[in-house]
K.L.:
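Following this message is one structure expressed as structure tokens.
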Amino acid sequence: MRVILIDPDAEALETMAGHIRQAEPQAEIRTFASREDLTRWLEAGGAAGEHRPRLRVQTFGNFEVFYDGRPVHFSRSRTKELFAYLIDRRGAGSTMGELTSVLWEGRPDTDSVRSQLRSLITDLRTTLRRLGEEAIIIKQRDMIAVDPNRVDCDYYRCLAGDPAAVNAFRGEYMSNYSWAETTLGALEQRT
């Protein structure tokens, strides 16, 4: 089942998408902030043109994100790190508590830190919405994840056995984040 939702309110879109996912977990949901965004998507080929996601994530070396080949600018470095961590989790949900312990390592989980995390999530969703890629983020009550099928990621392709991605791995994985060392160790054993 394919569902297209249009609403400028990102939270309303997520709420609607969440209800649909609960009723139909296999639903392919595409969200747009405006009719213009939908029109651009359709003109670009719509679902038929989505053979490969337009958002490319580089995890080997430093973490970088590209949209149609151009670097994506994140207004805060922690927003980029949040996205990196969600990419690392490969679609597995992360709780707010887990995210605060990773992003603010060593700091207590306070209301202030939770508020900062909520701001980062909003910032991430806004950044992706501007690209028409807000559906990459799956947000539910106390859980957030990425939809791994909506990004082109070297790490994901490497795990799937893509020879080019396997050869691209040179012993570095998200080098700018210390928490990524666990995944690096698993990749080194795998290759």
Side-chain angles (χ1 to χ4, degrees), residues 2-22 25 27-41 44 46-47 50 53-59 63-68 70-104 109 111-153 155-156 174 176-177 179-180:
R2 179 174 290 146
V3 179
I4 294 178
L5 302 172
I6 303 172
D7 196 314
D9 181 353
E11 288 195 30
L13 278 174
E14 268 311 309
T15 300
M16 287 186 280
H19 291 301
I20 293 168
R21 280 188 194 99
Q22 285 179 345
E28 180 185 331
I29 302 171
R30 186 79 178 149
T31 60
F32 300 92
S34 68
R35 288 179 188 253
E36 292 79 20
D37 290 346
L38 171 61
T39 301
R40 279 193 295 275
W41 179 70
E50 291 189 346
R54 297 172 73 184
L55 194 73
R56 183 174 65 83
V57 174
Q58 171 188 300
T59 62
F63 179 77
E64 298 297 338
V65 182
F66 303 90
Y67 183 75
D68 285 344
R70 292 184 305 272
V72 173
H73 171 72
F74 293 88
S75 59
R76 301 175 188 173
S77 60
R78 274 214 175 116
T79 301
K80 185 176 180 180
E81 184 176 4
L82 166 64
F83 191 48
Y85 186 75
L86 295 175
I87 291 292
D88 180 71
R89 302 272 299 143
R90 294 181 291 150
S94 296
T95 65
M96 300 301 115
E98 177 184 350
L99 292 171
T100 58
S101 70
V102 168
L103 298 175
W104 286 274
D109 186 359
D111 288 341
S112 172
V113 169
R114 290 275 175 141
S115 176
Q116 291 176 54
L117 177 58
R118 285 190 296 276
S119 293
L120 293 180
I121 291 169
T122 299
D123 187 41
L124 176 59
R125 293 171 78 185
T126 299
T127 300
L128 294 173
R129 185 179 321 114
R130 284 190 200 120
L131 301 172
E133 299 291 345
E134 61 276 2
I136 289 170
I137 300 298
I138 301 167
K139 175 81 173 82
Q140 294 176 347
R141 187 163 177 81
D142 187 44
M143 186 279 306
I144 187 169
V146 294
D147 181 345
N149 297 314
R150 293 189 175 272
V151 295
D152 175 17
C153 177
Y155 171 47
Y156 299 170
M174 292 197 205
N176 34 352
Y177 306 119
W179 49 257

K.L.:
When you measure from the side chain of Y67 to the backbone of L128, do you find a donor-acceptor pair of N or O atoms at a distance under 3.5 Å?
P.N.:
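No; judged by distance alone, with no hydrogens or angles, the pair does not exist.
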K.L.:
Which heavy atom of V72 sits nearest a heavy atom of F66, and at what distance?
P.N.:
CG2-C, 3.9 Å
K.L.:
Taking the side chain as C-beta and beyond, is there a heavy-atom pair between Y155 and M174 under 4.5 Å?
P.N.:
no
K.L.:
Using a 3.5 Å distance criterion without hydrogens, assess whether the side chain of T126 forms a donor-acceptor pair with backbone atoms of T122.
P.N.:
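Pair found, side chain donor or acceptor close to backbone of T122.
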K.L.:
Mind checking the CD1-CD1 spacing from I136 to I87? Nearest 0.5 Å is all I need.
P.N.:
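Between I136 CD1 and I87 CD1, I get 7.0 Å after rounding to 0.5 Å.
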K.L.:
Nearest 0.5 Å, please: how far is CD in E134 from CZ in R150?
P.N.:
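It is 9.0 Å, given to the nearest 0.5 Å.
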K.L.:
Going by heavy atoms in the side chains, are R118 and S115 under 4.5 Å from each other?
P.N.:
yes
K.L.:
Find the distance between CG (L117) and OG1 (T79) and round it off to the nearest 0.5 Å.
P.N.:
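L117 CG to T79 OG1: 10.0 Å, rounded to 0.5 Å.
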K.L.:
Under a 4.5 Å cut-off applied to non-hydrogen side-chain atoms, are L86 and L124 in contact?
P.N.:
yes
K.L.:
Under 4.5 Å between any side-chain heavy atoms of R114 and T100, yes or no?
P.N.:
yes
K.L.:
What are the two closest non-hydrogen atoms of N149 and P53, and how far apart are they?
P.N.:
O-CG, 3.8 Å
K.L.:
Under a 4.5 Å cut-off applied to non-hydrogen side-chain atoms, are V146 and V151 in contact?
P.N.:
no
K.L.:
Which atom pair, heavy atoms only, marks the closest approach of S94 to R89?
P.N.:
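Result for this residue pair: OG-NE, 3.2 Å.
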K.L.:
Can you name the closest pair of heavy atoms from V57 and F63 and give their distance?
P.N.:
CG1-CE1, 3.4 Å
K.L.:
I need the minimum non-hydrogen distance between H73 and T127, along with the two atoms involved.
P.N.:
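Minimum heavy-atom separation between H73 and T127: O-CG2, 3.8 Å.
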K.L.:
Measure the shortest side-chain to side-chain distance between T59 and Y156 over non-hydrogen atoms and say whether it is less than 4.5 angstrom.
P.N.:
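No, every pair of side-chain atoms sits at 4.5 Å or beyond.
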K.L.:
I144 and side-chain contact (heavy atoms from CB on, under 4.5 Å): which partner among I138, T95, L99?
P.N.:
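With I144 as partner, side-chain contact (heavy atoms from CB on, under 4.5 Å) holds for just one option, L99.
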K.L.:
List in chain and number order the residues that pass side chain to side chain donor-acceptor pair (under 3.5 Å) with K139, two or more places apart in sequence or in another chain; answer none if no residue qualifies.
P.N.:
none
K.L.:
Return the minimal non-hydrogen interatomic distance between P148 and G91, and the atom names on each side.
P.N.:
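That would be CD-CA, 3.9 Å.
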K.L.:
Just by modelled atom types, is the L103 backbone N or O under 3.5 Å from a matching donor or acceptor in the R78 side chain?
P.N.:
yes
K.L.:
How long is the gap from CZ on R70 to CZ on R54, to the nearest 0.5 Å?
P.N.:
8.0 Å
K.L.:
Is it true that R56 and E64 make a salt bridge, defined as a side-chain N closer than 4.0 Å to a carboxylate O?
P.N.:
no
K.L.:
Could you note down all residue pairs passing ring pair (Phe, Tyr, Trp, His ring centres under 6.0 Å) where residues 75-100 supplies at least one of them, sequence neighbours left out?
P.N.:
Y85-W179
K.L.:
I'd like to check Y177 versus D88 (side-chain heavy atoms, cut-off strictly below 4.5 Å). Are they in contact?
P.N.:
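In short, these two side chains do not touch, never coming nearer than 4.5 Å.
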K.L.:
Around atom CG of D68, are there more than 12 heavy atoms from other residues, nucleotides or ligands closer than 6.0 Å?
P.N.:
yes
